[in-house]
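As structure tokens, the structure follows; a few thoughts come after it.
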Amino acid sequence: MPYVNEQDIEKIIQQVLKNVEKKVQESENRETISTNKTTNTPPSSIRQENQGIFKQVEMAIEAAYEAQHILMNRFKQDDRQRFIEAIRRDVLDNLEELAQLIYEETKIGRYEDKLSKVYLAATKTPGVEDLTTEAISGDCGLTIEECAPYGVIGAVTPVTNPAETIINNSISMIAAGNSVVFNVHPSSKICSRYVVNLINQAIIKAEGPKNLVTMIENPTIETVQTLAKHTKVNLLVGTGGPKLVKALLSMGKKAIGAGAGNPPVIVDRTADVALAATGIIKGASFDNNILCIAEKEVFVEEAIYDDFIYHMLQNGAYMLNQKELEKVMELTLVADEKLGAKSCSCTAYDYHIRKEWVGQDATKILSGIGVNQTNTPLLICEVDVDHPYVQLEQMMPVLPIVKCRDIQEAINYAIESEHDNKHTASIYSTNLVNMTQFAKRINTTIFVKNAPTLAGVGFGGEGSATFTIAGPTGEGITSAKTYTRVRRCVLAEGGFRIV
Ligand code: NAD
């Protein structure tokens with residue numbers, strides 16, 4: 001038997017320890033990868049707690065139901081305001097991390113603009129101050145009409161403003177005394193989970209109940225159905241496209257629908273064209289045009305058309321020539337033969353946008369057609385009113401511009417292109433008659449004059465912010481009061497009998 005000295009033994013021990021360490025490291029790595037795969041957890045830099053996140057829809061509803069009862073029975077309105085202040089503070093403390101997470105997960109829009117949107121939701125969504133009580137007093141006594149909560153609200157959110165809508169809805173709904181269960185867009189569940197957890201943590205730190213805001217961990221269209229039909233869910237709120245709004249409105253209970261828009265802008269012959277150009281570029285390129293309120297098509301009076309285009313180009317817009325426009329259309333549009341158009345001599349098409357191009361940078365679209373232009377926020381093109389880029393809610397930084405004979409033609413085209421969404425419209429003009437006429441005829445929820453449409457949600461304009469603009473069901477700019485029922489309390493004859 002060979003002789004083994006102390007040094008050899010030391011070497012063997014070191015080698016064994018190294019092997020064990022390697023094995024442990026390998027198994028830890030395997031575990032991290034498999035956890036990330038199955039549960040879609042956020043990166044390690046993000047906090048890992050799961051306050052308010054539930055696998056089952058029913059569990060999310062039960063937890064929110066219990067939380068709402070605790071909120072109403074143990075806490076006052078002042079407490080609710082304290083919870084809301086805590087939510088605002090914690091969102092702002094985590095602003096950059098949240099904006100980055102939204103951007104990385106959804107892969108649409110622009111990081112800088114996510115910062116602005118999250119900031120807007122946290123700071124300009126009204127709290128309990130939005131709730132007002134009406135009082136009527138007279139010989140017959142005193143009657144008051146006050147804001148009462150619905151209870152549990154089921155809310156569905158879009159991929160275009162995922163965490164922003166959760167922050168905005170949560171503040172409004174909790175201020176009104178409700179709890180909320182979110183069914184978020186599946187492509188935004190990581191950032192949604194992060195913000196739902198953050199809101200719950202903020203409320204708990206402010207000594208409030210847990211689960212005032214809950215979320216279904218893996219949301220689907222089926223979970224929307226279960227949520228919407230559940231007897232403990234008293235109000236439905238849907239922010240998204242037409243299919244969602246239609247689905248919620250058919251559930252047989254009160255629903256608030258915030259649907260699609262396709263906002264037209266008119267620039268008339270009396271407008272300050274330089275102001276119009278800078279305002280339109282700012283609004284239409286913000287977050288790469290994914291906002292429902294963003295300027296989506298422009299109607300310009302012939303008399304100032306060339307001047308307007310000159311200012312658009314001076315301010316950084318890139319004009320697509322006919323060939324480039326065709327290439328961009330080929331890149332971003334899918335054309336399906338229109339149903340029922342077969343007997344026509346010309347073939348008609350229904351277009352829709354290729355999903356992968358929604359919310360992408362203008363420069364990326366240009367490089368997709370082989371043009372290397374590194375520094376433009378917005379592509380523009382000259383088209384007719386029936387062009388698909390005018391008629392579709394395309395949500396890309398590609399802005400179609402239509403030349404119009406006069407203001408009447410511009411208004412007619414704008415109304416036609418808005419498709420009665422009753423959402424948003426704007427005009428650049430100094431003519432009061434033109435402004436009033438357009439506002440009355442298009443009758444949208446938001447109507448902005450001489451500024452980007454962003455001003456309509458409190459971004460550079462007066463008034464509060466909302467990320468749920470309820471055009472189809474008529475509530476308009478939603479806030480805490482929207483999420484309340486009217487309760488009448490009557491003290492007849494002053495509460496006693498005159499003898
Ligand atoms: P989307 O309609 O595809 O999805 C919105 C939400 O609804 C998602 O959570 C999705 O999972 C769910 N959903 C979709 N179809 C459904 C169905 N048939 N039944 C049940 N749930 C369904 O919209 P998106 O791409 O997430 O967001 C962009 C759209 O939302 C645009 O049309 C935009 O104008 C609109 N939007 C409106 C407002 C507003 O305040 N009015 C705000 C933001 C976005």
Side-chain angles (χ1 to χ4, degrees), residues 57 102 105-109 117 120-121 125 154-169 172 181-189 191-193 196 215-229 236-251 255-263 286-296 352-359 391-396 418-425 444-446 453-454 456-459 464-479 482:
V57 189
I102 300 168
E105 185 186 10
T106 61
K107 298 180 180 64
I108 54 175
K117 292 200 299 180
L120 187 72
T125 303
V156 186
T157 55
V159 69
T160 46
N161 308 317
E164 301 90 322
T165 308
I166 292 179
I167 296 163
N168 168 258
N169 283 184
S172 304
V181 181
F182 283 106
N183 197 103
V184 307
H185 193 290
S187 304
S188 64
K189 61 185 175 185
C191 60
S192 300
R193 183 185 176 133
V196 164
M215 171 190 150
I216 297 140
E217 188 172 14
N218 287 306
T220 61
I221 303 250
E222 290 70 43
T223 57
V224 174
Q225 293 281 331
T226 315
L227 175 67
K229 286 179 183 153
L236 303 174
V237 179
T239 309
K243 285 186 189 153
L244 165 69
V245 173
K246 196 171 168 206
L248 293 191
L249 290 180
S250 64
M251 289 296 167
I256 294 175
N262 195 34
F286 183 84
D287 216 14
N288 287 339
N289 204 278
I290 57 174
L291 271 73
C292 57
I293 56 160
E295 292 83 350
K296 299 266 187 311
H352 60 267
I353 306 294
R354 277 185 222 279
K355 218 172 131 195
E356 63 268 29
W357 287 102
V358 166
Q391 299 301 327
L392 278 177
E393 189 203 23
Q394 35 138 333
M395 297 196 287
M396 297 186 297
E418 210 271 331
H419 303 302
D420 206 21
N421 289 322
K422 298 196 171 56
H423 202 296
T424 299
T444 46
T445 303
I446 295 177
T453 50
L454 286 164
V457 289
F459 193 84
S464 60
T466 184
F467 282 79
T468 296
I469 301 149
T473 47
E475 291 79 4
I477 304 293
T478 56
S479 60
T482 315

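These numbers were taken from a predicted model, which means no experiment stands behind them. Both counts, for ligands and for their atoms, begin at 1 and track the order of listing.
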Specify side chain, backbone, both or neither for Ile290, according to which of its non-hydrogen atoms lie closer than 4.0 Å to ligand 1.
neither
Between His419 and Glu393, does the side-chain hydrogen bond (donor to acceptor under 3.5 Å, both in side chains) criterion hold? Intermediate values first, please.
CA-CA 10 Å; His419 303 302; Glu393 189 203 23; over 6 Å; no
For atom 26 (O) of ligand 1, which candidate among Val159, Val224, Leu244 provides the closest heavy atom?
Val159
Region of Pro186 engaging ligand 1 - heavy atom pairs below 4.0 Å:
side chain
closest protein heavy atom to atom 17 (C) of ligand 1 is Ile221 CD1, 3.6 Å
For ligand 1, find out whether one of its N or O atoms is nearer than 3.5 Å to an N or O atom of Asn161.
no
Looking at Val156, which atoms of ligand 1 are within less than 4.0 Å of one of its heavy atoms?
6 (C), 7 (O), 9 (O), 12 (C)
Out of Ser188, Gly238, Gly240, whose heavy atom sits nearest atom 5 (C) of ligand 1?
Gly240
For Lys422, does its backbone N or O pair with a side-chain atom of Thr444 as donor and acceptor, under 3.5 Å?
no
Which residue and heavy atom of the protein sit nearest atom 9 (O) of ligand 1, plus the separation:
Thr157 O, 2.7 Å
With backbone taken as N, CA, C and O and side chain as the heavy atoms from C-beta onward, which portion of Leu291 lies under 4.0 Å from ligand 1: side chain, backbone, both, or neither?
neither
What is the nearest protein non-hydrogen atom to atom 23 (O) of ligand 1, stated with its residue, atom name and distance?
Gly241 N, 3.6 Å
Which protein heavy atom lies closest to atom 33 (C) of ligand 1, and at what distance to 0.1 Å?
Glu393 OE2, 3.3 Å
Check Ile167, Thr125, Ile293, Thr165 against Phe467 for a side chain to side chain contact (heavy atoms under 4.5 Å, CB included) and give me the one that passes.
Thr165
Under-4.0 Å heavy-atom contact with ligand 1, by part of Gln225 that carries it
neither
Any donor-acceptor pair under 3.5 Å from Thr220 side chain to Thr223 backbone
yes
Just to confirm my output: which protein heavy-atom neighbour is closest to atom 38 (C) of ligand 1, and how far is it?
Cys292 SG, 3.2 Å
Quick one: does ligand 1 sit under 4.0 Å from the side chain of Pro158, the backbone, both or neither, non-hydrogen atoms only?
both
Would you check whether Ile469 has a nitrogen or oxygen atom less than 3.5 angstrom from a nitrogen or oxygen atom of ligand 1?
yes
